[in-house]
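Lettering of chains follows the sequences in order, A, B, ..., and the numbering in each one begins at 1. For clarity, every value in this text was computed on a predicted model and none was experimentally measured.
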There are 2 protein chains.
Amino acid sequence: MTEPTERPETSATQRAYFAIRNMIVTGNLDPGEKLKIDGLRQRLETGASPIREALSLLTSDYLVERIDQRGFRAAPISGTNFQEILALRCTLEDMALRQSIAAATTEWEEAVVLAHHRMQRAYENGDSRFEDLHKQFHMALLAQAGSPILLKFCSQLYDLNIRYRYLAGSSQDYKSRDVSDEHAGILKAAVARDADLAAAQLVSHYRRTGSYLAGFFGEPR
Amino acid sequence: MTEPTERPETSATQRAYFAIRNMIVTGNLDPGEKLKIDGLRQRLETGASPIREALSLLTSDYLVERIDQRGFRAAPISGTNFQEILALRCTLEDMALRQSIAAATTEWEEAVVLAHHRMQRAYENGDSRFEDLHKQFHMALLAQAGSPILLKFCSQLYDLNIRYRYLAGSSQDYKSRDVSDEHAGILKAAVARDADLAAAQLVSHYRRTGSYLAGFFGEPR
DNA sequence: TTTGAGGAAAATATCGATTTTACGGCCGGT
DNA sequence: ACCGGCCGTAAAATCGATATTTTCCTCAAA
């Protein structure tokens with residue numbers, strides 16, 4: 001239920017969960033849009049139960065809201081919400097990365113290098129899996145923190161953030177920045193076990209995309 | 001779905017959610033125990049759908065685990081898990097409390113004082129609502145941080161922590177400590193807008209109960 | 001005695017249908 | 001013409017039942 005890449009799912013609930021989640025994150029479903037059970041049921045060719053269960057799960061990911069007894073809707077967006085996500089993300093990932101580096105092992109280091117390579121390769125090839133691999137790289141950096149709950153928090157915030165990026169329709173502009181250099185810098189500092197440098201670069205990496213996106217959603221005070 | 005106190009629920013899903021959640025938190029359902037749909041269905045006198053939906057929601061609260069195609073079970077416990085919760089709680093609540101005090105208003109201050117009074121009153125009367133009011137006091141402290149997601153994280157961690165307290169069967173021992181003084185100290189510092197002092201007392205408050213409980217679950221390195 | 005395969009029993013996941021609830025327009029009253 | 005309450009429609013929530021999967025027990029063979 002955590003890895004978006006492992007797609008040999010079997011249960012209808014999982015299929016519905018990932019499908020709806022993807023639709024919301026990529027903007028295929030508009031923020032605030034009413035999510036009718038029957039509509040999704042037909043669209044995904046499944047029963048009502050898996051849909052309801054999937055929506056319940058997405059509720060806890062802050063991607064879906066449940067209203068009284070009137071069903072579900074895609075979570076709305078706002079500038080303050082975006083700022084909150086950005087700020088939380090910086091704080092939590094900074095913490096997680098420091099813990100990760102403090103507990104660094106050879107295995108972790110190799111996993112990070114590997115994740116980076118795969119992401120970079122997909123980037124150069126224009127592979128559509130880049131988004132998934134990008135997330136996996138960032139998560140690999142934090143994995144050694146040894147705090148599953150913290151990791152899940154970061155994962156959720158990552159998805160919320162990427163949703164705003166999709167909604168701004170800026171996947172291209174975003175990539176055209178020199179994110180590759182930024183990723184390389186983070187990787188280098190992490191491998192060198194330089195927690196301060198790595199964390200600083202990571203946070204700066206986020207704030208840069210953040211300030212870019214902030215224009216689209218209004219900057220609250 | 002957030003406030004445990006507002007009990008005029010209508011939907012079967014909500015009833016099931018709070019009922020099962022309460023059973024897990026208070027130890028009425030053992031950690032790791034298999035949660036059979038049919039058993040719960042009879043126990044709560046409802047259909048299978050609300051049960052499944054409630055369990056799905058609890059999954060995201062880390063109180064229930066879903067396994068492959070083999071149903072659900074109550075989340076297991078461990079010393080490392082407890083330590084993780086404690087550490088995360090200290091970090092996140094420290095942050096939230098500082099933000100809350102930084103954005104303090106008269107309304108917030110009054111709400112905090114009120115929440116403390118209610119909790120204290122219930123404590124002196126041996127009122128069973130103490131646990132709920134205790135949580136409400138702590139959440140009131142953080143409410144002004146203006147970060148709903150952070151608040152929810154703290155709320156989840158609070159529930160996970162209180163579960164360990166119940167499992168240690170130490171509700172009494174816990175209360176017999178001078179928690180009243182600790183709460184009063186936090187309240188005083190918060191009202192005085194002394195973020196450093198308030199945060200320090202809050203964290204120390206948690207660590208004290210934490211080190212007490214650590215003995216029950218083993219201290220991982 | 002242990003191991004492995006087969007089958008029966010139980011539990012889960014899913015579906016289709018029923019019941020309940022909320023919303024929007026209509027009608028009558030003021 | 002406007003306001004308030006009633007009814008029809010649509011959607012959600014829930015239930016009962018089915019099909020599929022898993023588990024456990026038994027029995028036979030090594």
### Message
Test: side chain to side chain donor-acceptor pair (under 3.5 Å). Region: residues 30-41 of chain B. Which pairs qualify, not counting sequence neighbours?
### Response
D38(B)-R41(B)
### Query
Side chains of D61(B) and Y17(B): is there a donor and an acceptor less than 3.5 Å apart?
yes
### Summary
Sequence neighbours excluded, the answer for ring pair (Phe, Tyr, Trp, His ring centres under 6.0 Å) partners of Y206(B) is H138(B)
Give every donor-acceptor pair under 3.5 Å between a side-chain atom in residues 101-109 of chain A and any protein atom, sequence neighbours left out.
from, atom 1, to, atom 2, distance (Å)
T105(A), OG1, E107(A), OE1, 3.4
T105(A), OG1, W108(A), N, 3.2
W108(A), NE1, A140(A), O, 3.0
W108(A), NE1, L141(A), O, 3.4
E109(A), OE1, R193(A), NH1, 2.8
E109(A), OE1, R193(A), NH2, 3.2

### Query
Parallel, tilted or perpendicular: which describes the rings of F130(A) and Y123(A), with under 30° parallel and over 60° perpendicular?
tilted
### Task
Using distance alone, with no hydrogens and no angle criterion, decide if S78(A) and T80(A) have a side-chain donor and acceptor under 3.5 Å apart.
yes
### Message
Is the shortest side-chain heavy-atom distance between H183(A) and M119(A) below 4.5 Å?
### Response
yes
### Query
Just by distance, with hydrogens left out, do D159(B) and Y62(B) show a side-chain donor and acceptor under 3.5 Å apart?
no
### Query
Is a donor on one side and an acceptor on the other found under 3.5 Å between the side chain of S60(B) and the backbone of S60(A)?
no
### Side chains of R66(B) and R73(B) in contact at under 4.5 Å (non-hydrogen atoms)
no
### Message
Return a single string for nucleotides 8-19 of chain D, one symbol per nucleotide in 5' to 3' order, where B is base contact, S is sugar-phosphate-only contact and - is none, cutoff 4.0 angstrom on heavy atoms.
### Response
---SSSBB----
### Query
First and last nucleotide of DNA chain C touching chain B, 5' to 3', heavy-atom cut-off 4.0 Å?
dA11(C) to dT14(C)
### Query
What is the bend of the helix from dT1(C)-dA30(D) to dT30(C)-dA1(D) when you compare the axis at one end with the axis at the other, using five pairs each and rounding to 10°?
10°
